[in-house]
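Here the structure comes first, spelled out in structure tokens, and everything after it is commentary.
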Amino acid sequence: MQTTIKLNLKKKEDFYCKYSNYILNPELRSYLFDACYGDDYKNKIVINIYTKLKLTNNEKNKMIDTIRRTFGLKVQDELYYYKKSKFKKTILFLIGIVLIIIYYFSFVNIIKEIILILGWLSIWESVYSFLTDSKRDYIYIYRLKQYAKARIYFVDSSDEEDNS
């Protein structure tokens with residue numbers, strides 16, 4: 001299955017960030033990503049860029065590279081955050097286990113109960129995060145990867161109007 005995103009490009013300035021011709025416009029990036037909400041995250045992504053602009057093959061290739069680079073860099077960032085998050089959750093889980101072990105060797109009742117509660121709380125928090133956040137992060141990263149390798153086509157808007 002595939003998700004087709006239609007993009008109507010009226011001028012080149014709308015495509016690039018106003019500060020650099022190598023970075024995708026943040027509004028456009030947001031639009032592209034939001035356009036596939038509701039579709040299966042495993043769908044291949046096809047981006048059809050409708051425009052009346054006369055673009056050379058070099059300009060088209062530069063635009064395609066910009067889209068892929070933008071989402072590819074976002075994938076790298078999200079994978080980095082995901083790995084760091086998993087590491088922190090694992091540490092939290094281990095702290096919980098250590099606190100529960102300390103509970104059984106502790107002699108003061110009030111401190112013992114606090115340690116037990118903190119131990120179970122940290123274990124619960126880490127397990128809950130693994131179960132809930134991991135799937136959401138996985139879907140987000142998977143979708144970004146789909147954008148990084150999306151098929152991108154340029155369609156002349158005048159052709160589209162003639163066929164209507």
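What you see is a predicted model, and the numbers here were worked out from it, not measured in a lab.
- Side-chain contact between Phe154 and Tyr50 is absent, with no heavy atoms from C-beta onward closer than 4.5 Å.
- Looking only at distances, a side-chain donor or acceptor of Glu59 sits under 3.5 Å from a matching main-chain atom of Thr56.
- Between the OG1 atom in Thr90 and the CD1 atom in Ile95 there is a gap of 11.0 Å [rounded to 0.5 Å].
- Of the candidates Leu7, Asn8, Thr4, Ile5, Thr4 is the only one forming a side chain to side chain contact (heavy atoms under 4.5 Å, CB included) with Asn48.
- Inter-residue side-chain proximity for Leu24 and Phe15 is flagged as met; some heavy-atom pair is nearer than 4.5 Å.
- No more than 12 heavy atoms of other residues, nucleotides or ligands lie within 6.0 Å of NZ in Lys86, so this atom counts as exposed by the packing criterion.
- Proximity of a side-chain donor or acceptor of Ser20 to a complementary backbone N or O of Cys17 within less than 3.5 Å is not detected.
- Heavy-atom contacts from other residues, nucleotides or ligands closer than 6.0 Å to OH of Tyr37 number more than 12.
- Under the 6.0 Å distance and 45° angle rule, Lys135 does not count as a cation-pi partner of Tyr140.
- The line from OH of Tyr128 to CG of Leu92 is 14.5 Å long, rounded to the nearest 0.5 Å.
- Taking each heavy atom of Ile115 and Leu99 in turn, the nearest pair found is CG2-O, 2.8 Å.
- In this structure, the side chain of Arg69 engages the main chain of Tyr22 through a donor-acceptor pair within 3.5 Å.
- Aromatic pair Tyr142/Tyr147: centroids not less than 6.0 angstrom apart.
- How far OH of Tyr80 is from OG of Ser85: 12.0 Å, rounded to the nearest 0.5 Å.
- Atoms NZ and NZ, from Lys84 and Lys89 in turn, are 14.5 Å apart once rounded to the nearest 0.5 Å.
- Around the NZ atom of Lys145, the shell of radius 6.0 Å holds no more than 12 heavy atoms that belong to other residues, nucleotides or ligands.
- Atom NZ of Lys10 and atom NZ of Lys52 lie 9.0 Å apart (nearest 0.5 Å).
- Taken from CG in Asp14 to NZ in Lys11, the straight-line distance is 5.0 Å, to the nearest 0.5 Å.
- Formation of a donor-acceptor pair under 3.5 Å by the Arg68 side chain with backbone atoms of Ala150 is found in this model.
- Within the 4.5 Å cutoff, side-chain heavy atoms of Lys60 are placed close to those of Asn57.
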